[in-house]
Amino acid sequence: PYELRDRYCGVTVKSLSPNYWFRFYLKVNTNAGVDQYLDFHSENRRNEKVLEDGGQSEYWRVPLPEQCKDGDWHTFIVDLDDQVQKGFVKSFEWFERFCFRGDIGVADLFISDSREAIELVAVNPVVL
C-alpha cells in the first residue's frame, strides 16, 4: 500500500535557441511487445500515433504550447496513465527512459505519484 507509482512525469526544459524546435520523449512500458514513446515536439500541431522502425516503435505525438520556444524554463507535467491510454489504448505500467533532441536545455526530471508534488517545485508548470 505504500509503494510509489510512476504516475506523473515533470520535465523542466527550455529552448536554447528561441523559436527553434526541440523534442523530448518518454519511453513507457505497456507490455505491448514494441517500443512505445510519448513524444513531445515543439513543432507538433496535433496528437497522432506514428509507427517507425518497421513497426517496432510507436510514438504518440503530443503538441507543446507555442510559448515553450520562448527561451524561458518551463516544466511540462505529463499524466503518464492518461497519455498512454490516449495514444496506445493500453495500460501504463512504468516509465523507462527520458530522451531529447534539438537545441534544448534540461534542468529537471521528476517522477512522482502526485501531480501536486511536482507543481510545488516546478518552474512555470504546464500540465499536458
Side-chain angles (χ1 to χ4, degrees):
Y2 299 107
E3 180 179 325
L4 289 178
R5 180 146 166 11
D6 304 346
R7 170 116 194 242
Y8 296 94
C9 179
V11 180
T12 305
V13 296
K14 77 173 182 174
S15 173
L16 295 178
S17 296
N19 299 316
Y20 189 72
W21 71 270
F22 67 85
R23 172 186 183 198
F24 67 88
Y25 45 109
L26 312 172
K27 184 175 183 188
V28 294
N29 187 296
T30 66
N31 277 333
V34 298
D35 292 335
Q36 293 181 312
Y37 299 89
L38 301 176
D39 183 359
F40 302 90
H41 194 302
S42 61
E43 299 300 307
N44 286 353
R45 294 296 165 244
R46 61 184 162 79
N47 290 334
E48 67 178 330
K49 186 174 175 181
V50 176
L51 297 175
E52 292 186 4
D53 303 325
Q56 294 302 306
S57 297
E58 294 179 323
Y59 292 83
W60 174 242
R61 293 189 174 160
V62 179
L64 289 173
E66 186 62 33
Q67 73 191 36
C68 72
K69 297 190 302 185
D70 62 7
D72 290 334
W73 291 104
H74 299 277
T75 301
F76 298 100
I77 301 173
V78 180
D79 182 330
L80 297 167
D81 287 328
D82 183 56
Q83 290 295 337
V84 165
Q85 189 59 228
K86 286 178 184 175
F88 304 120
V89 194
K90 299 272 186 194
S91 294
F92 168 73
E93 294 196 6
W94 66 81
F95 170 83
E96 287 189 29
R97 185 178 325 145
F98 168 74
C99 307
F100 59 92
R101 300 270 189 273
D103 212 0
I104 184 175
V106 180
D108 294 307
L109 175 66
F110 306 100
I111 302 294
S112 179
D113 62 342
S114 167
R115 187 188 80 221
E116 292 78 15
I118 295 173
E119 288 175 341
L120 286 174
V121 295
V123 178
N124 296 327
V126 177
V127 177
L128 298 175

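Values below: every heavy atom of this structure, side chains too, minus hydrogens, waters and symmetry copies. Because the structure is a prediction, the values reported are computed rather than measured.
When the side chains of ILVMFWY residues are joined at heavy-atom separations under 4.5 Å, either directly or via intervening members, Val84 and Phe95 end up in a single hydrophobic cluster. Hydrophobic clustering keeps Tyr59 apart from Leu26 (ILVMFWY residues linked when any side-chain heavy atoms are closer than 4.5 Å, directly or through intermediates). In the hydrophobic clustering of ILVMFWY residues, with side-chain heavy atoms under 4.5 Å counting as a link, Tyr8 and Leu38 come out apart. When the side chains of ILVMFWY residues are joined at heavy-atom separations under 4.5 Å, either directly or via intervening members, Ile77 and Leu80 end up in two distinct hydrophobic clusters. When the side chains of ILVMFWY residues are joined at heavy-atom separations under 4.5 Å, either directly or via intervening members, Leu64 and Ile104 end up in a single hydrophobic cluster.
For the side-chain hydrogen bond (donor to acceptor under 3.5 Å, both in side chains) test, residues two or more places apart in sequence or in another chain that qualify with Ser17 are Asp103. Residues meeting the side-chain hydrogen bond (donor to acceptor under 3.5 Å, both in side chains) test with Ser112, sequence neighbours left out: none. Asp35 meets the side chain to side chain contact (heavy atoms under 4.5 Å, CB included) test with Lys27, Tyr37, Ser57; sequence neighbours excluded. For Phe24, the ring pair (Phe, Tyr, Trp, His ring centres under 6.0 Å) partners at least two apart in sequence or on another chain are Phe40. For Gln85, the side-chain hydrogen bond (donor to acceptor under 3.5 Å, both in side chains) test picks out no residue, with sequence neighbours left out. Applying the salt bridge (charged side-chain N to carboxylate O under 4.0 Å, His left out) criterion to Asp81, with sequence neighbours excluded, gives Arg5, Arg7. A search for side-chain hydrogen bond (donor to acceptor under 3.5 Å, both in side chains) contacts involving Tyr25 returns Arg101, not counting sequence neighbours. For Glu43, the side chain to side chain contact (heavy atoms under 4.5 Å, CB included) partners at least two apart in sequence or on another chain are Trp21, His41, Arg45, Lys69. Scanning for salt bridge (charged side-chain N to carboxylate O under 4.0 Å, His left out) contacts around Asp70 gives an empty result, with sequence neighbours left out. Partners of Asn31 under the side chain to side chain contact (heavy atoms under 4.5 Å, CB included) rule, at least two apart in sequence or in another chain, are Asn29, Glu93.
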- Message: What verdict does the side-chain contact (heavy atoms from CB on, under 4.5 Å) test give for Trp60 and Val28, after you've listed the backbone C-alpha separation in whole Å, the side-chain angles of each residue and the deciding distance to 0.1 Å?
- Response: CA-CA 11 Å; Trp60 174 242; Val28 294; over 6 Å; no
Taking distance alone, no hydrogens or angles, what donor-acceptor pairs closer than 3.5 Å link side-chain atoms of residues 119-128 to residues at least two apart or in another chain?
unit_1 : atom_1 : unit_2 : atom_2 : d
Glu119 : OE2    : Arg115 : NE     : 3.1
Asn124 : ND2    : Trp73  : O      : 2.8

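The nearest pair of heavy atoms linking Cys9 to Ile111 is SG-CD1, 3.6 Å. Nearest heavy-atom pair, Gln67 versus His74, reported as atom, atom and distance to 0.1 Å: O-NE2, 3.5 Å. The heavy-atom pair separating Asn44 from Pro63 by the smallest distance is O-CB, 3.3 Å.
The SG atom of Cys68 lies 4.5 Å from the CZ atom of Phe76; values are rounded to the nearest 0.5 Å. Going from atom CG of Asn19 over to atom CD of Glu66 covers 7.0 Å, rounded to the nearest 0.5 Å. Rounding to the nearest 0.5 angstrom, the gap separating the CG atom in Asp72 from the OG atom in Ser15 is 10.0 Å.
Looking at Val106 and Phe98, their side chains come closer than 4.5 Å, going by heavy atoms from C-beta outward. Side-chain contact check for Phe88 versus Lys49: some heavy-atom pair is nearer than 4.5 Å.
Listed by first and then second residue, the ring pair (Phe, Tyr, Trp, His ring centres under 6.0 Å) pairs involving residues 109-128 amount to none (not counting sequence neighbours).
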